[in-house]
**Q** 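First the structure, then my questions, so here it is.
The analysis underlying the following values was restricted to heavy atoms, covering all of them including side chains, and did not include hydrogens, waters or symmetry mates.
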Amino acid sequence: MIKCENLYFSPDFDWAMTSDARRIDFSTYEKRALQRLSQRVDWTVTREQLIEAMSGQATDSFDRSADFIINRLRKKLGDSAKSPRFIGTVYGEGYRWLAQFRKIETEKAEGAFLVIGPVFNFAEKADRSELAPVFTNRLADILSRQFPERLLIVVDENCPPPADFGSDAPEYSVEICFIRNRSRTECAVNLKRFMSGETLHVSRHVFCARPDSALSDAHRLSEELSGIAWQKIWEYEIGLKDNRAGIADAPLPIRLQKAKQKLLDEEGQGGLAEPFNSTGADKGAATHKAELMRAISLHSAYVIQGWRPVNGEIMPVPDIGKAEDTILDGLPIFRSDPILSCAAAKLLYFMDRGHEDLSRSIAVQTLEASNAFATAFATLGQIEMFEGETDAAMEKFDRGIEIGRRDDQLRRYMMVLKYQAAAAGGRFDEARRLRAELKDEAPEMLVAMAGLYVLSDETELPPTVQDQIDRLDETAANAAVHYLFNLTGRLLRSKQHRRDLMLGPINALDGKLSDTLDRSRFL
């Protein structure tokens, strides 16, 4: 395959395909003209040379026919003599090819993130054999745009088995098998973890129902399969389809952040907000899960980044309330998955729309009926903290901390939650001890959000905290106060607990906060 502008040419220039899956066939003379023009980009081919390439000899009688062939080629290519993209006219001399060619190779799978291959039974679809590489390359092209550039997506129709690879094996593979079924061509697709062979998705599709719809069928199928692969890989990376220790039981915001760091570019947060598409017979359940995942994604992005001003502006609280009805309707579906159940419970509480009792009951049921202990401890502990039940909340966080290893993000997450519970509950000595542990175990968390780790009874701050506060400007200081209030302070039912949590940061940042900031609103 050869790509040029928006066209894919067969190697011998028998045909071309547009980006919207429309096939262009070339006559013998047109094919020969393309072959001669494309030998050298931006190099003039005289009329005599073009005539000789098309007819085998240079004759005056063929001169006007050369112009006719060029005009016909321009029409087929969607080109213009006045503003050419492909064939330019050199007046008095001839023509020249203007566009750059890029040969599309079926790359080998070493070091790839995902390989499309192996591909089986091409011979069974010989009547439309040219569609197979068009289809696989288009699928790779779409996936390459969905994932960041550093995650290599390749086509290797003869991809060797996992045993032939070492440490450079691809992570995922899409195996495709074409079969003839009466008058139409079908294909079976298997998305797998490459080395383990674990299947993430299997489906069968019509590849070519009728000759006149072959290109559009292949075009639609590449779009559909790219969406399925994107969704299933996200599900696997987040841990929804995996029971590995340390993955499925980790808090969903942490797992989402890890998946985001791996599967998206730094500027790709918009994709995280809508990672899944609803497809197939499971559309009802998938729609509810998709809405829940969008809401979780927006919430977790705020949890992780909300304290940072963006372009000089405070990050707004995500409007996840739009998913409220869908999440409530989907609770029967989520309850079969303890991770999603706890996520739904936490979001319903975060919305602050009167779902407190429902949120608590979901978290309690998850703790009693599943092995997702860490997730249940985190969710139920936060609800108890918000409701003013400090003893119960800190006990849940202690149990969650016991599960985590010293270098584990889960343990650090629980420590931050326990610090907030201690600070809100007026247990300042306990909060100071936790802050010291965080300094030893996760200094980057203390540095990143130093303005939040200040207690209301402190007159002198630890040097690490004070140094970071000194670095904040007015916008960052305002953002820190809004962040702590939106994430925790506004949900504390006890006014005293809200004051105990918020007063320390406000006092520490007071000299940096803007005069227009209404401090009383946060207390």
**Q** Does the pair R433/D429 count as a salt bridge with the N-to-O cut at 4.0 Å?
**A** no
**Q** Counting C-beta onward and ignoring hydrogens, is there a side-chain heavy-atom pair between R471 and Q468 closer than 4.5 Å?
**A** yes
**Q** Where the side chain of D467 meets the backbone of P463, is there a donor-acceptor pair that is under 3.5 Å apart?
**A** no
**Q** Would you compute the distance between atom CD1 of I228 and atom NE2 of H205 and round it to the nearest 0.5 angstrom?
**A** 5.0 Å
**Q** For L484 and L501, which heavy atoms make the closest approach, and how far apart are they?
**A** CD2-O, 3.9 Å
**Q** Could you walk me through whether Y349 and E387 pass side-chain contact (heavy atoms from CB on, under 4.5 Å), step by step?
**A** CA-CA 11 Å; Y349 200 102; E387 294 295 322; 2.4 Å; yes
**Q** Indicate the atoms forming the closest heavy-atom contact of L491 with L487, along with that distance.
**A** CD1-O, 3.9 Å
**Q** Would the distance check show the side chain of S222 and the main-chain N or O of L139 forming a donor-acceptor pair, the cut-off being under 3.5 Å?
**A** no
**Q** List the steps, then state whether side-chain contact (heavy atoms from CB on, under 4.5 Å) holds for D500 with F428.
**A** CA-CA 9 Å; D500 284 338; F428 301 134; 4.1 Å; yes
**Q** Counting C-beta onward and ignoring hydrogens, is there a side-chain heavy-atom pair between R193 and Y172 closer than 4.5 Å?
**A** yes
**Q** What do you reckon, is CG of D357 surrounded by more than 12 foreign heavy atoms closer than 6.0 Å?
**A** no
**Q** Specify the closest pair of heavy atoms between D470 and K512, including all atoms of both residues, with the distance to one decimal.
**A** O-NZ, 3.3 Å
**Q** With rounding to the nearest 0.5 Å, note down the distance linking CD in E389 to NE2 in H497.
**A** 10.5 Å
**Q** Roughly how far, to the nearest 0.5 Å, is the CG atom of D156 from the CD atom of E110?
**A** 7.5 Å
**Q** Apply side-chain contact (heavy atoms from CB on, under 4.5 Å) to L225 and V174, showing your working.
**A** CA-CA 10 Å; L225 288 179; V174 177; 5.8 Å; no
**Q** A side-chain contact here means heavy atoms from C-beta on lying under 4.5 Å apart; do F397 and Q382 qualify?
**A** yes
**Q** Quick check: does any side chain N or O of R499 sit under 3.5 Å from a backbone N or O of L523, one acting as donor and the other as acceptor?
**A** no
**Q** Looking at K192 and E198, is any side-chain nitrogen of the basic one under 4.0 Å from a carboxylate oxygen of the acidic one?
**A** no
**Q** Quick check: do K396 and M385 have side-chain heavy atoms less than 4.5 Å from each other?
**A** no
**Q** Please check this pair: side chain of R490 against backbone of N486, looking for a donor-acceptor N/O pair closer than 3.5 Å.
**A** yes
**Q** Looking at R360 and E356, does any basic side-chain N land under 4.0 Å from a carboxylate oxygen?
**A** no
**Q** Side-chain contact, heavy-atom cut-off 4.5 Å: V454 with L461?
**A** yes
**Q** To check you understand the geometry: which heavy-atom pair defines the closest contact between F194 and P170, and what is its length?
**A** CB-O, 3.2 Å
**Q** Might you point out which heavy atoms bring G400 and F377 nearest each other, and give the distance in Å?
**A** N-CD1, 3.8 Å
**Q** Is there a side-chain contact between L331 and I362 in this structure, where contact means two heavy atoms from C-beta onward sitting under 4.5 Å apart?
**A** yes
**Q** Rounded to the nearest 0.5 Å, what separates atom CD in E437 from atom CD1 in I401?
**A** 7.5 Å
**Q** Before giving the answer on side-chain contact (heavy atoms from CB on, under 4.5 Å), spell out for I327 and E324 the whole-Å C-alpha distance, their side-chain angles and the decisive distance to 0.1 Å.
**A** CA-CA 5 Å; I327 292 174; E324 180 180 9; over 6 Å; no
**Q** Is N137 close to I116 at the side-chain level, that is, under 4.5 Å between some pair of heavy atoms?
**A** no
**Q** Parallel, tilted or perpendicular, judged at 30° and 60°: which one describes the rings of Y453 and Y419?
**A** tilted
**Q** What is the distance from atom CG of L151 to atom CG of L114, rounded to the nearest 0.5 Å?
**A** 10.0 Å
**Q** About how many Å separate CD of E175 and CG of L191, when rounded to the nearest 0.5 Å?
**A** 10.0 Å
**Q** Using every non-hydrogen atom in the two residues, find where T379 and C342 come nearest and quote the distance to one decimal.
**A** OG1-CB, 3.5 Å
**Q** Less than 4.5 Å apart, any side-chain heavy atom of L517 and any of F522?
**A** yes
